[in-house]
Amino acid sequence: MSQNAAPVRVIVVDDDPMVVTGITGILHPAEDIEVVGSASSGEEALDKAALHFPDVVLTDIRMPGIGGIEAIERLVNSVRPPQVVALTSFDTDDYLFRALEAGAAGYLLKDIAPVALAEAIRKVHLGEPILSPRSMQQLITKVTTDQDQRRQHEAEEMLADLTERELEIAILVAQGLSNQEIADATFMSQATVKTHLNRINIKLDTSNRVHIAVAVERARMGNAGVAGQGL
């Protein structure tokens with residue numbers, strides 16, 4: 001971390017104090033990450049977020065009160081929304097899909113390696129997906145398996161608002177390409193790619209790359225070729 005860069009501010013939410021202590025201890029050696037608070041319920045998470053304005057919230061799914069799913073939805077729709085990552089022991093499709101539908105930027109299991117957890121926080125803070133391209137594709141495939149024609153049509157209408165270049169970039173995002181890879185494939189700078197991604201998020205009312213990819217896959221365009229690139 002550079003001397004002038006502020007650390008990524010994190011809140012850990014879990015009703016098991018041992019888990020909170022463990023995660024805090026895991027993240028402590030990372031100089032560019034600071035745990036600024038913790039909570040044991042969804043309601044407390046909302047209060048702590050309003051008090052500390054974290055960059056990233058790590059939250060369990062099953063907790064007393066409103067629970068993790070509703071907490072995620074409220075956090076991402078707050079005045080200063082953080083990036084929210086579900087950190088749970090439950091590796092089930094139901095929780096995974098509900099967390100992403102609520103607006104989570106990622107979904108991690110609690111047995112994740114310490115180094116991987118810190119790196120995931122850094123990535124999500126920068127707006128990058130915290131799933132590998134293969135994992136993202138598996139997730140999206142499962143999500144779209146149950147989509148009906150209505151949702152596909154809605155996604156198609158959303159993507160219709162994109163320019164040809166924006167649609168091209170959205171498709172590349174769904175194929176798992178990084179910003180640098182997209183820049184290389186489209187002969188643009190990374191800065192230009194980021195500008196297009198910001199415009200795409202505004203038009204689709206999305207908050208990160210995972211949700212852009214989901215929209216593309218719902219419209220059944222994830223495997224579409226990109227003109228001139230052989231993709």
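- Nearest heavy atom pair, residue L108 against residue A120, reads CD1-CB, 3.9 Å.
- With sequence neighbours excluded, the residues forming a side-chain hydrogen bond (donor to acceptor under 3.5 Å, both in side chains) with N201 are T206, listed by chain and number.
- Of all the heavy atoms in A39 and A45, the pair that sits closest is CB-N, 3.5 Å.
- Judged by distance alone, the side chain of E70 and the main-chain N or O of G67 form no donor-acceptor pair under 3.5 Å.
- Hydrophobic clustering, with ILVMFWY side chains joined whenever heavy atoms are under 4.5 angstrom apart, keeps F53 apart from V76.
- No side-chain heavy atom of I33 sits under 4.5 Å from any side-chain heavy atom of H125.
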List the steps, then state whether side chain to side chain contact (heavy atoms under 4.5 Å, CB included) holds for V173 with L197. CA-CA 9 Å; V173 168; L197 285 172; 3.7 Å; yes

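- Note that the CD1 atom of I200 and the CD atom of E168 stand 10.0 Å from one another [nearest 0.5 Å].
- The nearest pair of heavy atoms linking Y107 to I130 is N-CD1, 4.0 Å.
- Within the model, atoms CD1 of I202 and CG of N198 stand 6.5 Å from one another, a figure rounded to the nearest 0.5 Å.
- Looking at heavy atoms from C-beta onward, I212 lies out of side-chain contact with I169 at the 4.5 angstrom threshold.
- The shortest non-hydrogen separation linking P54 to P82 is O-CB, 3.4 Å.
- Not counting sequence neighbours, L51 has no partner by the side-chain contact (heavy atoms from CB on, under 4.5 Å) test.
- One N or O on the side chain of S78 and one on the backbone of L75 form a donor-acceptor pair closer than 3.5 Å.
- Between L87 and the choices T59, V19, I23, the side-chain contact (heavy atoms from CB on, under 4.5 Å) rule is met once, by I23.
- In this structure, the side chain of K48 engages the main chain of S38 through a donor-acceptor pair within 3.5 Å.
- Counting only heavy atoms from C-beta outward, the side chains of L100 and V214 never approach each other to under 4.5 Å.
- For P17 against D15, the heavy-atom pair with the smallest separation is CD-O, 3.4 Å.
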Run D32 and V8 through side chain to side chain contact (heavy atoms under 4.5 Å, CB included) and show every step you take. CA-CA 6 Å; D32 59 337; V8 182; 5.6 Å; no

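- Using a 4.5 Å heavy-atom cutoff, the side chains of L172 and T186 are in contact.
- Side chain of D55 to main chain of R9: a donor-acceptor pair is present (N/O by atom type, distance under 3.5 Å, no hydrogens or angles).
- Contact check for H211 versus L204: no side-chain heavy atoms found under the 4.5 Å cut-off.
- Ion pairing between R98 and E101 fails under the 4.0 Å rule for side-chain N and carboxylate O.
- Counting heavy atoms from C-beta on, the side chains of H196 and T192 come closer than 4.5 Å.
- The shortest heavy-atom contact between E43 and P64 is OE1-O, 4.0 Å.
- In this structure, Q83 CD and K123 NZ are separated by 14.5 Å, a value rounded to the nearest 0.5 Å.
- The line from CG of D161 to CZ of R199 is 15.0 Å long, rounded to the nearest 0.5 Å.
- In this structure, CD1 in I112 is found 10.0 Å from CD in E119, a value given to the nearest 0.5 Å.
- In this structure, the side chains of I66 and L46 come closer than 4.5 Å at one or more pairs of heavy atoms.
- Atom CG of D14 and atom CZ of R62 lie 12.0 Å apart (nearest 0.5 Å).
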Criterion side chain to side chain contact (heavy atoms under 4.5 Å, CB included) on I61 and I69, from CA distance to verdict: CA-CA 6 Å; I61 296 296; I69 300 297; 3.8 Å; yes

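- Results of the side-chain contact (heavy atoms from CB on, under 4.5 Å) test with V35 over V12, I26, L58, V20 single out V12 as the only residue that passes.
- Between R218 and M158 there is no side-chain heavy-atom pair separated by less than 4.5 Å.
- When the side chains of ILVMFWY residues are joined at heavy-atom separations under 4.5 Å, either directly or via intervening members, L109 and V57 end up in a single hydrophobic cluster.
- Under the side-chain contact (heavy atoms from CB on, under 4.5 Å) criterion, K203 pairs with L162, T163, E166, sequence neighbours left out.
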